[in-house]
Each structure stands twice: as structure tokens, then as C-alpha cells.
Amino acid sequence: MNLVAAQTPATVAPAAQPDSPLADRSVGDWLMRMHEASRKRAYTGTFVVSSSSGNLSSARIWHVCEGDQQMERVEALTGVPRSTFRRNDQVVTFFPQARVVKTERRESLGLFPNLLKSSNSAIDEFYAAQQAGSGRVAGFDASVVQLKPKDKLRFGYRIWSEKKSGLVVKLQTLDTDGRVLEQAAFSDLQIDAPVKMSALAQMMGDTAGYKVIATELVKTTAAAEGWALKSPVAGFKPMNCYKRPMAAEGGAHDASDNTLQWVFSDGLASVSVFVEAYDPKRHTQEVHLTMGATQMLTRHLSDPSGDWWITVVGEVPLPTLKVFAQNLERTK
């Protein structure tokens with residue numbers, strides 16, 4: 001695998017002429033084509049992610065679909081050894097060194113790479129699509145489109161999609177000045193690969209010799225849990241809300257130990273707001289962290305109902321996270 005080649009931007013050919021069908025596609029047209037390709041095509045390849053901070057990670061991906069059933073395997077090639085299997089909304093991650101398997105359910109419209117987070121978002125209101133020529137990635141001819149945000153609340157994207165299938169083969173996340181924050185690309189790829197769902201399913205179910213830990217996510221609403229935003233953040237719609245119940249001493253459930261996750265998306269970018277009871281031993285200092293395109297900030301919130309620790313994470317500019325954190329309020 002040539003990591004250097006995977007990080008080097010593809011040579012971009014002259015842009016399409018205005019009368020080209022490619023130039024007439026809206027943001028929604030581009031994204032839906034990519035979304036459908038990620039769902040319906042069988043492929044295998046090595047995916048490399050690099051960030052402006054110098055971090056580099058890679059994974060081997062196998063993806064297959066049969067009718068409405070989708071399945072994939074992602075084998076981490078860097079960091080802690082792990083294999084993640086996803087069958088529709090069921091996710092199983094194997095950690096061979098610790099001999100641990102973690103299982104959970106995650107709602108998702110598409111599989112890796114997953115661009116379209118929301119099926120009903122008005123993406124065209126907040127992004128403009130511009131044809132940016134063509135290039136070659138992992139040996140495939142690709143069309144390049146740039147999605148430019150119409151405000152400062154979100155990042156931009158430059159996306160390479162394979163011309164015949166529409167499969168995303170490379171993605172750059174751009175900051176508000178157009179600089180590349182993070183890049184992800186296939187360094188090798190086989191489209192319509194002979195991936196068998198039965199073989200992946202057998203591997204996914206083979207937990208013999210592993211300790212299985214089930215992550216319990218209970219679907220709820222922010223209103224039911226007593227939380228709201230004072231005012232909406234432009235373009236970001238609430239998608240899902242979960243709580244992770246934790247057993248108190250003696251096995252009884254203590255609602256104060258819940259961690260709440262409230263997920264928002266504008267159709268491309270997503271933001272998660274985590275709320276938990278404030279613990280002065282663990283929550284010692286409010287921080288802001290940057291990890292490539294991902295930003296995170298924490299906040300200590302006090303109100304008549306108690307003390308809370310807020311963590312906001314998303315692939316958006318820091319000011320956007322601050323808007324979420326400052327707008328969050330307790331309603332009961």
C-alpha cells in the first residue's frame with residue numbers, strides 16, 4: 001500500500017463545460033448518487049485517512065449487499081487491532097488482544113463511506129455544488145465536485161466519485177478558508193468484488209473465546225429527558241436521541257447516571273451533544289480539542305436542577321459547537 005500516493009491530491013483536469021450534464025447536478029443529485037453507490041455496490045479496498053495535524057490511519061474494507069441487506073467488515077490496519085462488522089444497524093467489534101467483543105445497534109442510512117446523514121435535509125440551502133474537473137484515484141477515473149458552504153457554520157468538501165458507479169473514492173474536508181483539514185481516500189480498490197455476505201456473517205457471529213459486551217442504547221427524545229435548544233442552529237436538524245442506562249450499586253438503575261446523546265445533522269456534517277451528571281473528580285477542566293476535521297468542546301452547566309457536564313463533538317467549525325453548547329438548556 002502506497003501511503004504517500006494515497007495522501008497526494010489527484011491531478012485535476014479542466015472543469016466541465018457549463019452545458020455538461022455533470023454541471024447541471026444539484027448538491028442533492030450528487031449526494032444521492034454517491035449514497036446509492038455506497039449502499040448497492042460490492043467492493044473491497046484499503047482506505048487511508050490523513051489529517052493536517054499529521055495523524056494517519058488506514059483500514060481494509062469489505063462491503064456487500066443482497067437486496068435490502070447490507071454488510072461490511074472494516075479491519076483496522078493502524079492503532080489498536082480491531083475488526084468491525086456491520087449488518088444493517090447491528091455493529092459488532094472484535095478486539096483480539098483483549099479477547100473482547102462489543103455489540104451495539106446504530107441507525108444509519110448508508111455504509112462506509114457514509115456522506116448522506118439525513119434523507120430529508122435541505123442541503124441545497126446550505127451548500128453549493130461546483131464541478132471541479134476529474135482525476136484518478138486508486139486507478140479509477142473520478143469526477144470531482146466541490147461542496148461550498150453558504151455560511152460559516154459548516155466546513156466544505158471536495159469529493160472524488162468513480163465515474164461509472166458514483167462510489168466515493170476520495171474525500172477532503174476543507175476549513176472555512178479552503179484549506180484541507182482531513183483527507184480520506186482508497187489507495188487500492190476493487191469494485192463489484194466477489195464478497196460473500198454468508199462468509200462475513202459467519203465471521204461476525206464467531207465469538208467463541210471472547211467476552212461479549214453489549215452496549216445498551218435506549219432511544220428517547222431530548223424533550224422527554226428535559227433538554228432543549230433555546231433556538232435552532234441553522235440547517236442542523238435533530239436526528240436521534242439515545243441514553244445509555246448504567247446500573248447503580250446493587251443493580252438498581254439510577255437515572256442520574258445516564259449519558260444522553262443528542263444527534264444533529266445538516267445532511268453532510270453531524271454534531272453530537274452528550275449530557276451527563278457533573279462529576280468534579282472526572283470533569284476537572286473545560287477543554288477544546290481538534291482532531292483533523294473533528295472538533296470537541298466541553299462545558300460545565302449549572303441550573304436549579306443540578307450540575308451537568310456537556311460534551312459537543314462534530315466535524316464542524318468550533319463556533320458551531322459553541323452555538324450548540326450555549327443554546328442547550330434544561331427544561332425540567
Side-chain angles (χ1 to χ4, degrees), residues 102 104-108 117-118 120-122 125-126 149 151-155 176 213-332:
K102 293 186 177 180
E104 62 180 315
R105 291 191 177 275
R106 300 179 193 165
E107 292 185 22
S108 178
K117 304 282 197 310
S118 167
N120 63 351
S121 61
E125 292 183 21
F126 301 98
D151 57 28
K152 298 292 186 179
L153 291 175
R154 57 210 94 230
F155 290 139
T176 52
I213 301 175
T215 301
E216 184 180 5
L217 293 179
V218 177
K219 195 165 185 179
T220 184
T221 65
E225 303 302 321
W227 293 97
L229 290 182
K230 298 174 187 175
S231 59
V233 183
F236 287 92
K237 297 181 179 180
M239 303 298 296
N240 294 300
C241 191
Y242 304 98
K243 59 181 178 181
R244 293 176 170 84
M246 299 176 63
E249 188 174 351
H253 173 61
D254 183 353
S256 66
D257 287 333
N258 284 342
T259 296
L260 187 73
Q261 181 183 6
W262 195 6
V263 183
F264 298 81
S265 177
D266 68 355
L268 284 176
S270 62
V271 173
S272 285
V273 178
F274 295 90
V275 181
E276 58 186 311
Y278 175 69
D279 181 353
K281 295 180 180 179
R282 294 188 299 117
H283 307 139
T284 57
Q285 185 178 3
E286 295 183 353
V287 298
H288 161 237
L289 298 176
T290 298
M291 299 155 282
T294 302
Q295 309 281 325
M296 183 190 81
L297 66 81
T298 58
R299 178 192 177 198
H300 179 195
L301 176 63
S302 296
D303 64 21
S305 69
D307 285 276
W308 309 92
W309 189 251
I310 313 301
T311 303
V312 190
V313 182
E315 293 187 347
V316 294
L318 177 60
T320 308
L321 296 189
K322 291 181 177 178
V323 173
F324 276 98
Q326 293 166 359
N327 272 343
L328 189 67
E329 66 176 351
R330 188 72 172 157
T331 58
K332 68 178 182 180

Exercise. Is any side-chain heavy atom of L318 less than 4.5 Å from a side-chain heavy atom of H288?
Worked result: yes
Exercise. Mind checking whether M291 and M296 have side chains closer than 4.5 Å, heavy atoms only?
Worked result: yes
Exercise. Does any non-hydrogen side-chain atom of W227 lie less than 4.5 Å from one of V275?
Worked result: yes
For this session: Kindly give the heavy-atom pair with the smallest separation between G314 and L321, and that separation in Å.
Result: N-CD2, 4.0 Å
Exercise. Any idea which heavy atoms bring C241 and A222 closest together, and the distance?
Worked result: SG-N, 3.6 Å
Exercise. For the atom pair OG1 (T294) and CG (L289), what is the distance rounded to the nearest 0.5 Å?
Worked result: 11.0 Å
For this session: Could you tell me whether the side chain of L217 reaches within less than 4.5 Å of the side chain of R105, counting heavy atoms only?
Result: no
Problem set entry | V316 side chain reached by L153 side chain, heavy atoms, under 4.5 Å | no
For this session: For residues F324 and L229, report the shortest heavy-atom separation together with the two atoms involved.
Result: O-CD2, 3.9 Å
Exercise. What class does the angle between the rings of W309 and Y278 fall in, given that below 30° is parallel, 30 to 60° is tilted and above 60° is perpendicular?
Worked result: tilted
Exercise. Are the side chain of T331 and the backbone of G226 linked by a donor-acceptor contact shorter than 3.5 Å?
Worked result: yes
For this session: Could you pull out all residues at least two apart from D303 that satisfy salt bridge (charged side-chain N to carboxylate O under 4.0 Å, His left out)?
Result: none
For this session: Just grab all the salt bridge (charged side-chain N to carboxylate O under 4.0 Å, His left out) pairs involving residues 279-292, residues at least two apart or on different chains.
Result: E276-R282, D279-R282
For this session: Not counting sequence neighbours, list each pair that qualifies as a salt bridge (charged side-chain N to carboxylate O under 4.0 Å, His left out) and has a residue in residues 223-234.
Result: E225-K243
Exercise. What distance separates L301 CG from I310 CD1, expressed to the nearest 0.5 Å?
Worked result: 5.0 Å
Problem set entry | Any donor-acceptor pair under 3.5 Å from N327 side chain to S231 backbone | yes
Exercise. Could you give the distance from CD1 (I213) to CD (E104), rounded to the nearest 0.5 Å?
Worked result: 12.0 Å
Problem set entry | Short side-chain to backbone donor-acceptor contact, K152 and T320, under 3.5 Å | no
Exercise. Got W262 and L328 here, is their nearest side-chain heavy-atom distance under 4.5 Å?
Worked result: yes
Exercise. Counting N and O atoms only, with roles assigned by atom type, does the side chain of S272 sit under 3.5 Å from a partner on the main chain of V313, one being a donor and the other an acceptor?
Worked result: no
For this session: Compare all side-chain heavy atoms of L260 with those of T220 and state whether any distance is below 4.5 angstrom.
Result: yes
Exercise. So, for R154 and P317, which heavy atoms are closest and what is the spacing to 0.1 Å?
Worked result: CA-CD, 3.6 Å
Seminar exercise, completed: CG (N240) and CZ (F264) are apart, to the nearest 0.5 Å, by 11.0 Å
